[in-house]
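Data first, discussion second: the structure below is written as structure tokens.
Worth knowing before you read on, the calculation uses all heavy atoms, side chains too, and leaves out hydrogens, waters and symmetry mates. Worth saying up front: this structure is predicted, and the values here are computed from it rather than measured. If you read the sequence from its start, that first residue is 1, and numbering goes on from there. Note that ligands are numbered from 1 as they come in the structure, with each ligand's atoms numbered from 1 the same way.
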Amino acid sequence: MLITGWNRAGWMDQPARSGDRIARLIGAAPGTVVMGDTLSIKVYQALASALELNPSRRVVLSDTGNFPSDLYIAEGLLRSLGEAYALRTVAPEDVAGALDETVAVLMLTEVDYRTGRRHDMAALTALAHDAGALTVWDLAHSAGAVPLDLAGASADFAVGCTYKYLNSGPGGPAFIYVSPTLADQARPALSGWLGHEAPFAFDPDYRPGRGIERMRVGTPPILQLAALEAALDVWDIADIHDVRAKSIELSQAFIAAVEAACPALTLASPRAADQRGSQVSFRHPEGYAIMQALIARGVIGDFRAPDILRFGFTPLYIGLDEVLRAADILAEVMVSDLWNRPEYKARARVT
Ligand SMILES: Cc1ncc(COP(=O)(O)O)c(C=O)c1O
């Protein structure tokens with residue numbers, strides 16, 4: 001199968017087939033999403049193509065809450081384009097007011113990785129378009145967590161990973177969406193052979209493939225795509241609106257229980273459920289040690305520097321009993337200072 005599987009098992013088309021299944025979850029038409037690489041690479045591709053489609057402008061606008069990799073990727077890309085290009089970051093609530101005639105691309109992560117705060121994708125995309133800018137949306141913390149409507153919002157580019165709420169497993173492939181109105185104009189910056197119009201012609205000159213196909217780069221990760229396919233099967237029976245409703249129920253219950261029992265923890269997420277994704281975060285100066293104490297007791301969340309305890313709510317496999325039990329364990333950790341031990345304070349490489 002090493003050689004024959006590409007035809008016999010249809011592996012070469014797998015990035016588009018899986019992309020179509022993701023498309024259904026993010027409000028995109030079939031044929032507008034393709035899988036591959038990791039999210040940082042997809043951010044680069046989307047941003048580079050968007051900038052090239054808006055050649056008279058030089059500014060990428062983002063917010064200070066964006067995931068650092070997105071900002072680093074933007075910085076690196078802009079450096080290679082020359083000194084005239086700049087990345088401008090503003091506070092999340094100031095994005096709309098910062099959209100001026102210099103902005104080429106508005107690049108945002110829809111759900112903030114630390115606080116869970118959610119941008120209004122449709123409203124900001126409309127404002128960006130009014131200001132003459134294109135949009136790149138990072139859906140890492142949105143896809144599989146909240147209902148999305150990329151087509152309805154007229155988003156230009158979107159990217160996301162599949163190893164969070166889509167459960168593809170560590171290092172699972174990322175996705176990229178390009179609006180059908182732009183897909184045949186967008187020029188790929190990473191012009192790899194599998195984005196070529198005819199890869200097996202082995203032509204020395206690059207000609208971009210049709211539509212979203214041109215956003216492919218190199219050999220697709222077939223084993224990771226197989227894991228993704230299995231993970232996506234659940235969406236044949238689960239409705240994202242039901243998942244969202246349950247996620248809100250779980251997260252509201254968690255906030256109420258934690259606030260009642262743990263006054264030392266400060267809610268870092270928006271209180272209004274419609275303004276956050278499917279995560280709830282609390283702040284505490286000893287957040288790292290508290291999270292390690294929780295993990296040791298089977299309540300598994302993340303710590304995000306400098307002081308955020310992040311809890312993801314995944315109704316596909318977590319129910320109310322577990323959420324309330326997690327809140328009880330957190331209360332016990334806080335009330336009895338169970339976190340205050342040297343082994344919980346020693347920082348591991350991955351937090
Ligand atoms: C919002 C966001 N963007 C980008 C990334 C980077 O993704 P990757 O490591 O797959 O390149 C992450 C990773 O968690 C993320 O949360």
Side-chain angles (χ1 to χ4, degrees), residues 15 18-19 22 25-26 33-48 50 60-78 87 89 92 95 105-119 121 124 135-146 148 150 155 157-177 189-190 192 215-218 220-221 223-225 227-228 231 268-269 276-281 291 300-305 308-314 348-351:
S18 302
I22 304 267
L25 289 172
I26 59 177
V33 175
V34 77
M35 312 303 301
D37 316 295
T38 74
L39 178 49
S40 302
I41 306 290
K42 281 357 221 179
V43 169
Y44 185 95
Q45 287 183 285
L47 186 58
V60 174
L61 177 65
S62 191
D63 73 33
T64 50
N66 204 347
F67 191 76
S69 195
D70 296 31
L71 301 177
Y72 303 158
I73 288 283
E75 278 173 19
L77 168 61
L78 297 183
L87 172 65
T89 52
V95 167
V105 180
L106 175 64
M107 179 188 78
L108 294 173
T109 293
E110 199 223 10
V111 171
D112 186 298
Y113 75 106
R114 273 183 299 211
T115 64
R117 177 204 38 73
R118 209 177 164 192
H119 277 303
M121 183 161 73
L124 284 172
T135 54
V136 173
W137 287 98
D138 182 335
L139 306 177
H141 302 265
S142 311
V146 294
L148 292 162
L150 285 178
F157 293 82
V159 292
C161 62
T162 56
Y163 49 71
K164 293 186 170 80
Y165 296 92
L166 293 172
N167 300 305
S168 67
F175 64 84
I176 183 165
Y177 162 87
L190 300 178
M215 291 299 161
R216 294 177 62 160
V217 182
L223 296 180
Q224 295 278 12
L225 282 164
L228 172 65
S269 301
R276 52 168 203 266
S278 196
Q279 71 185 64
V280 169
S281 301
M291 187 51 81
I300 301 177
D302 307 281
F303 169 74
R304 285 291 172 263
I308 295 264
L309 293 136
R310 182 175 77 177
F311 301 90
F313 293 86
T314 52
R349 180 157 151 73
V350 177
T351 64

Could you tell me whether the side chain of [X] and the main chain of [Y] form a donor-acceptor pair under 3.5 Å?
{"X": "T135", "Y": "L106", "answer": "no"}
{"X": "E110", "Y": "A140", "answer": "no"}
{"X": "S269", "Y": "T115", "answer": "yes"}

For [atom], grab the closest protein heavy atom and report residue, atom and distance to one decimal in Å.
{"atom": "atom 6 (C) of ligand 1", "value": "S40 OG, 3.7 Å"}
{"atom": "atom 4 (C) of ligand 1", "value": "D70 OD1, 3.1 Å"}
{"atom": "atom 3 (N) of ligand 1", "value": "D138 OD2, 2.7 Å"}

[X]: numbered ligand 1 atoms lying under 4.0 Å from its heavy atoms:
{"X": "A140", "value": "1 (C), 2 (C), 15 (C), 16 (O)"}
{"X": "H141", "value": "1 (C), 15 (C), 16 (O)"}
{"X": "T109", "value": "1 (C)"}

- request: For the residue pair P220 and L225, establish whether any side-chain heavy-atom pair is separated by less than 4.5 Å.
  value: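 P220 vs L225: side chains touch.
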Original post:
Between L25 and L166, is a side chain to side chain contact (heavy atoms under 4.5 Å, CB included) present by the stated rule, with each step listed?
Top reply: CA-CA 10 Å; L25 289 172; L166 293 172; 3.6 Å; yes
Checklist entry - Quick one: does K164 get a heavy atom under 4.0 Å from ligand 1? => result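 Right, K164 reaches ligand 1.
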Out of Y163, Y44, F67, the nearest non-hydrogen contact to atom 7 (O) of ligand 1 is supplied by Y163
Heavy-atom closest pair (F175 atom, K42 atom, distance to 0.1 Å) is O-CG, 3.7 Å
